[in-house]
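Read through the structure below, which is laid out as structure tokens, and then see the notes.
Positions are given from 1, in the same order as the sequence printed here. Every number for a ligand or one of its atoms is a count from 1 in the order of the listing. What's counted below: heavy atoms across the whole structure, side chains too, no hydrogens, waters or symmetry copies.
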Amino acid sequence: MKLPVAELHIHLEGTLEPETILRLAGQNNIDLPWPSLQELRAQYNFSNLQSFLDLFYANMAVLRTAADFQEITTAYLHRAHASGVRHVELFFDPQAHLERGLALAEVIAGIRAGLDAGLARWGITHRLIACFWRHAPAESAMEILRTLVQERHAIDGIGLDSSELGYPPILFQEVFAYAREHGLHVVAHAGEEGPAEYIVQALDLLKVERIDHGIRCLEDPALVQRLVKEQMPLTVCPLSNVRLRTVDTMAEHPLRRMLEAGLKVSIHSDDPAYFGGYLDANLAAVIGQFELSREEQAVLARNSIESSFLEEPAKARLCAEVDAWLAAEHL
Ligand code: ADE
Ligand code: ZN
């Protein structure tokens, strides 16, 4: 039995595997600067967040139709199912696709069709979260958010992603207020490359329900105390942190210290096609590095479920499955 988990930090566009990128490029007549698998793979050496984002945004050009979005969503869910994922809260970047002339309705229809297929085939429940680029003006985010709300597009929440340094959460205060007023869930990347102060801003000004990454909170003891007291979820992505050099090695990853501090951390995959593995590989990396006991693994799984936007009965059912997984050890 696989440990049942909720995947709460996963960018759909980050599940585009190199083979899929090249196949879709051929299918949709897109010229990529790296036409062979070998040349494409040679680009996957990142020095920081921005060096990854440059490749990530360039590769998205191959996504053109609702069918493309449906296909990659279904492919991701198939792989997630094999990792023990029972519930997913999927991020996508509307600005990336609007910029290329795609219609929001088409993008969302494709993703939703994939999510529905995942529910029917593997019983994976879902939420969909539109992430806004912090490197783009807040006016752009606001305009798209108004359209999403007014045209009643099927999203459950908003997030904030892309280049962090130099783009503090305060820039997006109005966008997040509007989202909350319209009943949307709110999350934000903060404290990945940016300072602990950005986490404080995300909490105080954006009033987020979860912090994505948040690993730099450890630099501010008062903030750690507050995050523990509020049991604010932090969605940690270990392979991403190492590949983007926010930590030098897995041995230096702060996960163990975060758990010991009593922070509500859970493990996720961020952009698995870029960082060397899906949720199971991220869990395996930290289990191996920090010799996590089965009880500690169950804590991470329960945290993921409790930090999700599922209703309470669904959370209770999944947590009971975690308990069953833990008990199975003694059979
Ligand atoms: N978009 C996709 N992955 C991201 C990450 N790790 N940080 C910020 N923006 C992202
Ligand atoms: Zn992310």
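Contacts with ligand 1 closer than 4.0 Å are made by side-chain heavy atoms of Phe52 only, the backbone lying farther away. Contact annotation: for Glu164 versus ligand 1, there are no heavy atoms closer than 4.0 Å. For His213, every heavy-atom contact with ligand 1 shorter than 4.0 Å involves the side chain, none the backbone.
Among the atoms of Tyr57, none of the N or O lies under 3.5 angstrom from an N or O of ligand 1. The shortest N/O to N/O separation between Glu192 and ligand 1 falls below 3.5 Å.
Both cation-pi conditions hold for Arg146 and Tyr178: the charged atom is under 6.0 angstrom from the six-membered ring centre and inside a 45 degree cone around its axis. A cation-pi arrangement is absent between Arg86 and Trp122 under the rule of less than 6.0 angstrom and at most 45 degrees off the ring axis. A cation-pi arrangement is absent between Arg216 and Tyr198, since the terminal nitrogen or guanidinium carbon is not both under 6.0 Å from the aromatic centre and inside a 45° cone about the axis.
Listed by atom number, the atoms of ligand 1 under 4.0 Å from Leu49 heavy atoms are 5 (C), 7 (N), 8 (C).
Surrounding CD of Glu291 are at most 12 heavy atoms belonging to other residues, nucleotides or ligands under 6.0 Å away.
The nearest pair of heavy atoms linking Phe309 to Glu209 is CE2-OE1, 3.6 Å.
Here the two rings, on Phe92 and His11, have centers that are 6.0 Å apart or farther.
Scanning the protein heavy atoms around atom 9 (N) of ligand 1, the nearest turns out to be Ser162 N, 2.8 Å. Ranking the protein heavy atoms by distance from atom 3 (N) of ligand 1 puts Asp271 OD2, 2.6 Å first. Among all protein heavy atoms, the one lying closest to atom 6 (N) of ligand 1 is Asp270 OD2, 2.7 Å.
Phe56 counts as a contact of ligand 1, since one of its heavy atoms falls under 4.0 Å from the ligand. Residue contact check for ligand 1: Gly14 places no non-hydrogen atom closer than 4.0 Å to it.
Checking Cys237 against the Zn ion (ligand 2), every N/O/S atom stays at or beyond the 2.8 Å cut-off.
When Asp280, Thr74, Thr15 are each tested for a side chain to side chain donor-acceptor pair (under 3.5 Å) with Arg79, only one passes: Asp280.
Between Glu71 and Arg23 a salt bridge is recorded (basic side-chain N to carboxylate O distance below 4.0 Å).
Remark: among candidates His11, Arg243, Arg134, His9, the nearest residue to atom 4 (C) of ligand 1 is His11, based on non-hydrogen atoms.
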